Peer 1: 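The following block contains the structure, expressed as structure tokens.
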Protein chains: 2
Amino acid sequence: MKETFGEYIKSLRTENELTLTQLASKLDLDSANLSKIENNKREFDEKRLELLANVFNLDLAKLRTEFFSDIIAKKIYDNNCDSETLILAEQKVEYLKSKNLTTI
Amino acid sequence: MKETFGEYIKSLRTENELTLTQLASKLDLDSANLSKIENNKREFDEKRLELLANVFNLDLAKLRTEFFSDIIAKKIYDNNCDSETLILAEQKVEYLKSKNLTTI
DNA sequence: GTAATTTTGTCAAAAATTGACAAGTCAAAT
DNA sequence: ATTTGACTTGTCAATTTTTGACAAAATTAC
């Protein structure tokens, strides 16, 4: 079972024996805010994904997948969306691709 | 293949032979902005879902599914997320449910 | 033609997010 | 039992994003 993105960062951090302050500084972030991110009280900012990948030598593409799936999961969870939602979403992605639509 | 939420509104509107102005007023919305919504240039606002359901006698739960799947699809499409993203998201939803986590 | 409808552009107001700092808890060390 | 370091929580101004509203252009129907 997949953990949240914040918990993932926390496990990366502790496995590498870094303090919040140390990692926060590498990510150009306040340690208090990093704590909130790790505890699902704030969102990690997309613009720091590359930095995070570099710090822990991670594959950026995989990290992005991890990141966006987290955002989507939270949206579904927070709004009590039913199980059909993701199936429909997948169809709509195909539709958008087929139409080459420019959305907001 | 599933259309976008905006296109769905548009088809509902035209099937019911309403002008933008007419529907916009029922939805407490500016007609120019409704036009943008129908053309995927703005997001429909969640707080108007119930109103929309009432106007066209739709099942609110289904409409919500339609609405949130649209948001998710656009996020995936706009960010060029790979196909794994939704699979991962589903796992994360289960994880959040199992933990009963309170997110942001 | 022109009248109605739809689309597009713009912008201030409102809402949401972020960065930053202060103050708090907790555990370990001395 | 006090200090130190690590982490958490609360708050708030500043930035960023979204929204509502209006004008005006473009399109369609008559």
Side-chain angles (χ1 to χ4, degrees), chain A residues 3-52 55-56 67-68 70-79 99-104, chain B residues 3-52 55-56 67-68 70-79 99-104:
Chain A
E3 65 204 335
T4 66
F5 196 74
E7 289 163 2
Y8 178 51
I9 292 177
K10 183 167 201 160
S11 64
L12 284 169
R13 180 174 65 79
T14 52
E15 276 162 22
N16 287 273
E17 290 172 20
L18 293 173
T19 65
L20 279 169
T21 310
Q22 287 171 326
L23 179 55
S25 120
K26 286 176 198 290
L27 296 175
D28 186 29
L29 199 57
D30 185 284
S31 67
N33 290 331
L34 179 54
S35 166
K36 286 172 196 160
I37 290 169
E38 289 188 349
N39 294 298
N40 304 305
K41 303 198 186 309
R42 272 212 190 187
E43 291 298 343
F44 188 78
D45 196 308
E46 189 190 349
K47 71 175 179 236
R48 273 184 261 263
L49 277 180
E50 203 170 338
L51 216 44
L52 182 63
V55 170
F56 293 117
F67 173 77
F68 284 112
D70 201 78
I71 290 177
I72 291 165
K74 278 172 182 162
K75 179 140 275 167
I76 290 176
Y77 177 70
D78 291 340
N79 292 289
K99 288 265 200 170
N100 235 291
L101 275 182
T102 306
T103 60
I104 311 145
Chain B
E3 64 204 335
T4 65
F5 195 75
E7 289 163 2
Y8 177 52
I9 293 176
K10 183 168 199 158
S11 65
L12 285 169
R13 178 174 66 80
T14 52
E15 277 163 22
N16 287 273
E17 289 171 23
L18 294 173
T19 66
L20 279 170
T21 310
Q22 287 171 326
L23 178 54
S25 119
K26 287 177 198 289
L27 296 175
D28 185 29
L29 198 58
D30 185 284
S31 66
N33 290 331
L34 179 53
S35 165
K36 287 172 195 158
I37 289 168
E38 289 186 349
N39 294 296
N40 304 306
K41 303 198 184 311
R42 275 213 186 185
E43 293 297 345
F44 187 79
D45 196 307
E46 188 190 350
K47 70 175 181 238
R48 273 184 262 261
L49 277 181
E50 202 169 339
L51 216 44
L52 182 63
V55 170
F56 293 117
F67 173 76
F68 285 111
D70 200 78
I71 290 177
I72 290 165
K74 278 172 181 162
K75 178 139 275 169
I76 289 177
Y77 177 70
D78 291 340
N79 292 289
K99 288 267 200 168
N100 235 290
L101 276 180
T102 309
T103 60
I104 312 144

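Below, read A as the first sequence line, B as the second, and so on, with proteins coming before strands; counting in each chain starts at 1. These numbers were taken from a predicted model, which means no experiment stands behind them.
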Peer 1: Give a yes or no on whether the backbone of A:A32 and the side-chain of A:D30 come within a donor-acceptor separation of less than 3.5 Å.
Peer 2: yes
Peer 1: What is the distance, rounded to the nearest whole Å, between atom CZ of B:R42 and atom C1' of C:dA15?
Peer 2: 13 Å
Peer 1: NZ of A:K47 versus C1' of C:dT18: gap in Å, rounded?
Peer 2: 7 Å
Peer 1: Please list, by residue number, the residues of residues 19-36 of chain B whose heavy atoms come closer than 4.0 Å to an atom of DNA chain D; answer none if no residue qualifies.
Peer 2: B:D30, B:A32, B:N33, B:K36
Peer 1: Looking at D:dG20, I'd like to know if its phosphate oxygens (OP1 or OP2) sit under 4.0 Å from a side-chain N or O belonging to B:R48.
Peer 2: yes
Peer 1: Got a donor-acceptor contact below 3.5 angstrom from the B:D45 side chain to the B:K47 backbone?
Peer 2: yes
Peer 1: Is the phosphate of D:dC7, meaning OP1 or OP2, less than 4.0 Å from a side-chain N or O of A:R13?
Peer 2: yes
Peer 1: Roughly how many Å is it from CG in B:D45 to P in D:dT17, rounded to a whole number?
Peer 2: 18 Å
Peer 1: Given atom CD1 of A:I37 and atom P of C:dG19, what is their separation to the nearest angstrom?
Peer 2: 8 Å
Peer 1: For A:N40 and D:dT9, what is the distance between atoms CG and P respectively, to the nearest whole Å?
Peer 2: 11 Å
Peer 1: Would you give the length of the straight line joining atom CD1 of A:I9 to atom CG of A:L23, rounded to the nearest 0.5 angstrom?
Peer 2: 7.5 Å
Peer 1: What integer distance in Å separates B:L18:CG from C:dT6:P?
Peer 2: 10 Å
Peer 1: Nearest to the side chain of B:E38 - D:dT19, C:dT7, D:dC7?
Peer 2: C:dT7
Peer 1: Report the distance from atom CD of B:E17 to atom C1' of D:dA29, rounded to the nearest whole Å.
Peer 2: 14 Å
Peer 1: Let's see if you can work this out: which of D:dT8, C:dG19, D:dT19 has an atom nearest to the side-chain heavy atoms of A:K10?
Peer 2: D:dT8
Peer 1: Check this one for me: any side-chain N or O of A:K41 less than 4.0 Å away from OP1 or OP2 of D:dT11?
Peer 2: no
Peer 1: Working to the nearest 0.5 Å, report the span between CG of B:L51 and NZ of B:K26.
Peer 2: 10.0 Å
Peer 1: Could you check whether B:E3 pairs with B:K10 (Lys NZ or Arg NE/NH1/NH2 to Asp/Glu carboxylate O, under 4.0 Å)?
Peer 2: no
Peer 1: Measure the shortest side-chain to side-chain distance between A:N33 and A:K36 over non-hydrogen atoms and say whether it is less than 4.5 angstrom.
Peer 2: yes
Peer 1: Round to the nearest Å and state the distance from A:E46 atom CD to D:dT16 atom P.
Peer 2: 16 Å
Peer 1: Look at the rings of B:F44 and B:F5 and say which category their plane angle falls in: under 30° parallel, 30 to 60° tilted, over 60° perpendicular.
Peer 2: tilted
